[in-house]
A.B. asks: 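Questions regarding the structure given below will be posed in turn.
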Amino acid sequence: QVQLVESGGGSVQAGGSLRLSCVVSGYTYSTYCMAWFRQTPGKEREGVASITSNGVPGYRDFVKGRFTISQDNSKNTVYLQMDGLYAEDAATYYCGAGPLSDLGCRGVLIYPDGMSYWGQGTQVTVSS
C-alpha cells in the first residue's frame with residue numbers, strides 16, 4: 001500500500017521561507033514521478049513542481065525562481081523548498097506520486113488527475 005505523508009507546513013510572513021517534506025512508503029514502481037500540488041477552497045488543485053525518477057525537475061511559471069523541488073532517495077523523501085513566499089501561495093499543499101514518464105511528469109502539473117497516489121496535505125499560511 002502506497003502512503004505519502006507530508007509535513008513542514010505552517011505560518012510565515014510574506015517574503016519568508018518554508019520547506020515541505022513528503023515521505024513515501026510502499027511504492028514499488030521503478031519509474032516514478034513525484035510532484036507537489038496546492039489547493040485553496042473553491043479552486044481546483046494545481047500543480048506546483050515535479051521531479052522524475054531521473055531527477056529532472058519541472059515547475060509552473062508562477063513558482064520558477066522561488067521554489068525548488070528535490071529528493072533524497074535514501075530517505076524516500078521529496079522536498080519543496082519555498083522561498084520568497086507571496087500571500088497568494090497560501091494553500092493546502094499535497095504531495096503526489098505515480099508511475100509517469102518524464103513527459104508525463106511535466107504534464108501532470110497541468111492535469112493533476114493523472115497522478116495515482118496522494119498525501120493528506122499540509123497547510124501553508126502566508127501573512128502579508
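Note that these values count all heavy atoms, side chains included, but never hydrogens, waters or copies made by symmetry.
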A.B. asks: Does L20 reach the side chain of M82, with side-chain heavy atoms less than 4.5 Å apart?
C.D. replies: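 Heavy-atom side-chain distance check passes, below 4.5 Å.
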
A.B. asks: Considering only Ile, Leu, Val, Met, Phe, Trp and Tyr, and joining two whenever side-chain heavy atoms are under 4.5 Å apart, list the other residues clustered with V5.
C.D. replies: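 Grouped by the 4.5 Å side-chain rule, V5 forms a cluster of one, so the answer is none.
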
A.B. asks: I need the minimum non-hydrogen distance between S128 and A14, along with the two atoms involved.
C.D. replies: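 Between these two residues, the closest heavy atoms are CA-CB, 4.1 Å.
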
A.B. asks: Side-chain contact test, heavy atoms from C-beta onward, threshold under 4.5 Å: evaluate it for S53 versus Q71 and give yes or no.
C.D. replies: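 Answer no - side chains too far apart.
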
A.B. asks: Would Y94 and V24 show up in the same hydrophobic cluster when neighbours are defined by side-chain heavy atoms closer than 4.5 Å?
C.D. replies: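 No, separate clusters.
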
A.B. asks: Among pairs that include at least one residue of residues 12-34, which meet ring pair (Phe, Tyr, Trp, His ring centres under 6.0 Å), considering only residues two or more places apart or in two chains?
C.D. replies: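 Every pair satisfying ring pair (Phe, Tyr, Trp, His ring centres under 6.0 Å) with a residue in residues 12-34: Y27-Y29.
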
A.B. asks: I'd like to know if V63 and L18 are part of one continuous hydrophobic network [Ile/Leu/Val/Met/Phe/Trp/Tyr, side-chain heavy atoms within less than 4.5 Å].
C.D. replies: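 Looking at the clustering, V63 is in the same group as L18.
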
A.B. asks: Find the distance between OG (S25) and CG (N76) and round it off to the nearest 0.5 Å.
C.D. replies: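 Spacing of OG (S25) from CG (N76) equals 8.0 Å.
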
A.B. asks: Do Y117 and L80 share a hydrophobic cluster, counting only Ile, Leu, Val, Met, Phe, Trp and Tyr and linking them when any side-chain heavy atoms are less than 4.5 Å apart?
C.D. replies: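 Y117 clusters together with L80.
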
A.B. asks: Hydrophobic cluster membership, with links at side-chain heavy-atom distances under 4.5 Å among I/L/V/M/F/W/Y: are V48 and M34 in one?
C.D. replies: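 Looking at the clustering, M34 is in the same group as V48.
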
A.B. asks: Donor-acceptor pair, R106 side chain versus G58 backbone, under 3.5 Å?
C.D. replies: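 It does not hold such a pair.
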
A.B. asks: Return yes if some donor-acceptor pair links the side-chain N/O of Q39 with the main-chain N/O of A91 below 3.5 Å, else return no.
C.D. replies: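 No, Q39 side chain to A91 backbone: no donor-acceptor pair under 3.5 Å.
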
A.B. asks: With ILVMFWY side chains joined below 4.5 Å, transitively, what does Y111's cluster contain besides itself?
C.D. replies: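 Taking Ile, Leu, Val, Met, Phe, Trp and Tyr as members, Y111 shares its hydrophobic cluster with I110.
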
A.B. asks: Considering non-hydrogen atoms only, spot the tightest contact between I69 and P57 and give its length.
C.D. replies: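 Heavy atoms of I69 and P57 come nearest at CG2-CB, 3.8 Å.
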
A.B. asks: Drop me the distance from L4's CG to S116's OG, to the nearest 0.5 angstrom.
C.D. replies: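 Answer rounded to 0.5 Å: 10.5 Å.
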
A.B. asks: Nearest 0.5 angstrom please: L109 CG to C33 SG, how far?
C.D. replies: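 Nearest 0.5 Å value for the CG-SG distance: 7.0 Å.
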
A.B. asks: Counting heavy atoms not belonging to Q123, are there more than 12 under 6.0 Å from its CD?
C.D. replies: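 Atom CD in Q123 is packed in, count exceeds 12.
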
A.B. asks: Linking I/L/V/M/F/W/Y whenever their side-chain heavy atoms sit closer than 4.5 Å, directly or via other members, would F67 and I51 fall into one cluster?
C.D. replies: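 Yes, F67 connects to I51 through the hydrophobic network.
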
A.B. asks: Under the salt bridge (charged side-chain N to carboxylate O under 4.0 Å, His left out) definition, can you give me all pairs with a residue in residues 11-24, not counting sequence neighbours?
C.D. replies: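 Salt bridge (charged side-chain N to carboxylate O under 4.0 Å, His left out) check on residues 11-24 returns no pairs.
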
A.B. asks: Q13 side chain to S127 main-chain N or O, any donor-acceptor pair under 3.5 Å?
C.D. replies: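 Absent.
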
A.B. asks: Give me each pair satisfying ring pair (Phe, Tyr, Trp, His ring centres under 6.0 Å) with a member in residues 33-61, each pair once, sequence neighbours excluded.
C.D. replies: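 Ring pair (Phe, Tyr, Trp, His ring centres under 6.0 Å) check on residues 33-61 returns F37-W118.
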
A.B. asks: If I take atom CD from residue E6 and atom OG1 from residue T92, how far apart are they, to the nearest 0.5 angstrom?
C.D. replies: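 Between E6 CD and T92 OG1, I get 10.0 Å after rounding to 0.5 Å.
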
A.B. asks: Do the side chains of C105 and V56 get nearer than 4.5 Å, heavy atoms only?
C.D. replies: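 No; the side chains remain at least 4.5 Å from each other.
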
A.B. asks: If a pair satisfies side-chain hydrogen bond (donor to acceptor under 3.5 Å, both in side chains) and one of its residues is in residues 80-90, list it, with sequence neighbours excluded.
C.D. replies: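 Found S17-D83, R38-D89, R66-D89, Q81-D83.
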
A.B. asks: Atom CG of N54 and atom OG of S101: how far apart are they, to the nearest 0.5 Å?
C.D. replies: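 If we round to the nearest 0.5 Å, N54:CG and S101:OG are 10.0 Å apart.
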
